[in-house]
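Here's the structure, in C-alpha cells; my notes come after.
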2 protein chains.
Amino acid sequence: MSPLNIYLALVHFPVVNRDGETIASAVTNLDLHDLARIGCTYGVRQCYIATPLADQQILVRRIVAHWTRGFGGTRNPDRRQAMESLRVVATLEEAVAAVTAQEGCRPRLVATSARPDPRRLKVPELREAAADGTPCLLIFGTASGLADALLDGVDAVLEPIRGAGAYNHLPVRAAAAIILDRLAGAPAD
Amino acid sequence: MSPLNIYLALVHFPVVNRDGETIASAVTNLDLHDLARIGCTYGVRQCYIATPLADQQILVRRIVAHWTRGFGGTRNPDRRQAMESLRVVATLEEAVAAVTAQEGCRPRLVATSARPDPRRLKVPELREAAADGTPCLLIFGTASGLADALLDGVDAVLEPIRGAGAYNHLPVRAAAAIILDRLAGAPAD
C-alpha cells in the first residue's frame, strides 16, 4: 500500500521527434486509457494530459466524456473510474498550478527520460523523499521524449529504465507502468 | 542483466469477455508494438501472437511486414528490431511446439491472470526456477483474460499484480511490462 502523493503529466509539447526537432505530438487514444488505468492501479491522484493544440484538447475531452458520462462509462464502470482521473491542460505549467491549488504547495517536478542527465534521481531515492506525502508530479513525454526546454525547468530527472540489454525504446505507456510499479507497487516477494 | 530464457504468448482465443463468455478477441495494433518493444527491452526470445482467425492472422502479418520489410522498418530501425521478434500462430499449442523445436525441450507454461488461482507462483520463485536457463513461455490473455479451458492446461499461474489499492484492471500491455521488469529488470537500487 502506498502513502505516496503522486500526480502524472503526459506531455505532448514540447517533445522531440526522432530527428531531435521540437514538436507538438498528436494524442494517442490508448495512452489516455493506459495512463488512467495504470494510475488508478497505483493510487495516482490525477493524470494531466498536456497539449496546447485546441483540436487535440477537444478530442481528449470527447474521449473522456464518452467513458465518464457517455455509453462507455455505463457499459464499463471500471473504465469510468479510471478515465475520471484525466484532466486536459494546455501546458505543464497549468498542471503544476492545478496541483499547487489542490495541495497548498508546489509539487516536486520529476521528469522521466531515456537519455542521460546529470541530475539523475533513483527510484528508491524518490520513494524515500516522497514518503512523507510531499506531492510529486511525474512527467512523461510522448514522441521521442521531453524537450530540453522542459527538462531544464524540472527539479529532478528519474534514472532511465534499464532492461536486460541495450534496447532502450519502451513505449511511454510501459515506462509509466514500470516506474509506478517500482515506486508504489507491492513488493514482489 | 538477465540470463533468463523467456518467450511470450499473447492469446486472443480462448479468452473471456466482461460477461465471462469465451470469445476470440480482435487484435489491437498497439499490443503488437508494445509487446515487441517491451520484450526487446527485457531480452525476450520471441513473442507469439496467437489467433485462430484467418483475417486477424493476415492483419498481424501485414503490420509486421510493414515494420520489418516495408517503409516502417526503413524509417525506424529500432522498431524493426522489436517487430522482428513477433510470430503469428493459430493456437497456444503451436507456440509451445515452436519453442520446443527451438529449445529441444518443452517450455514451462506460466499463465498470467488477475483472478485468484490456487496454483499461484510468485515472481521471485519463477525467477529462481528459470535462472538455470530452463525455457519459460509467459502467457498473457487479451480482452478480460485467459479462459479456464486454457488455464487448466498450464504449469503455473503467476500471482496477480497488486498496486496500491483495490483497482485491478491493468491493460495487458502494462501487465506484461510490469511482470517482465519484476522478472528480468535491473534492480532499482
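Order of the sequence lines fixes the chain letters, A, B, ..., with proteins taken first and strands second; residue numbering starts at 1 for each chain.
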Check whether [X] and [Y] end up in the same hydrophobic cluster, where Ile, Leu, Val, Met, Phe, Trp and Tyr are linked by side-chain heavy atoms less than 4.5 Å apart.
{"X": "Leu35(A)", "Y": "Leu137(A)", "result": "no"}
{"X": "Val11(A)", "Y": "Leu180(A)", "result": "no"}
{"X": "Leu10(B)", "Y": "Leu151(B)", "result": "no"}
{"X": "Leu109(A)", "Y": "Leu146(A)", "result": "yes"}
{"X": "Leu183(B)", "Y": "Tyr7(B)", "result": "no"}

Exercise. Kindly give the heavy-atom pair with the smallest separation between Gly163(B) and Tyr42(A), and that separation in Å.
Key: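 Minimum heavy-atom contact is CA-CE2, 3.6 Å.
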
Self-check item: Heavy-atom pair of closest approach, residues Ala164(A) and Ala184(B)
Solution: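 In terms of heavy atoms, the two residues are closest at CB-O, 4.0 Å.
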
Quiz prompt | Close contacts, residues 14-34 of chain A versus chain B, judged by heavy atoms under 4.5 Å | solution =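 Residues in range: Arg18(A), Asp19(A), Thr28(A), Leu30(A), Asp34(A).
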
Quiz prompt | Part of Ile161(A) within contact of chain B (heavy atom distance under 4.5 Å) | solution =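 Interface part for Ile161(A): side chain.
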
Quiz prompt | Heavy-atom contact with chain B under 4.5 Å, split by part of Asp78(A) | solution =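 Both parts, heavy atoms under 4.5 Å.
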
Quiz item: If you count heavy-atom pairs under 4.5 Å between each of Asn168(B), Val44(B), Ile38(B) and chain A, which one has the most?
Solution: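 Option with the greatest count: Ile38(B).
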
Exercise. Report the option among Ala175(B), Cys40(B), Ala176(B) that has the most heavy-atom pairs separated by less than 4.5 Å from atoms of chain A.
Key: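 Among the listed options, the one with the most contacts to chain A is Cys40(B).
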
Quiz item: Hey, does Asp181(A) have a side-chain heavy atom less than 4.5 Å from the side chain of Arg182(B)?
Solution: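 Answer yes - side chains close enough.
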
Quiz item: Got a second to check how far Arg79(B)'s CZ is from His169(A)'s NE2, nearest 0.5 Å?
Solution: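 So the gap between those two atoms works out to 9.5 Å.
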
Practice problem: Report, by ascending residue number, the residues of residues 67-77 of chain B in heavy-atom contact with chain A at a distance under 4.5 Å; give 'none' if the set is empty. | Solution: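 Near chain A, by residue number: Arg75(B), Asn76(B), Pro77(B).
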
Quiz item: Among residues 92-104 of chain B, which residues come closer than 4.5 Å to chain A, judged by heavy atom distances?
Solution: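 So far as heavy atoms go, nothing in residues 92-104 of chain B approaches chain A to under 4.5 Å.
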
Quiz item: Of the backbone (N, CA, C, O) and the side chain (C-beta and beyond), which part of Glu125(B) lies under 4.5 Å from a heavy atom of chain A, both, or neither?
Solution: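 Neither part.
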
Exercise. Among residues two or more places apart or on two chains, list those pairs meeting salt bridge (Lys or Arg N to Asp or Glu O under 4.0 Å) that have a residue in residues 50-60 of chain A.
Key: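 The answer is none; no pair qualifies.
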
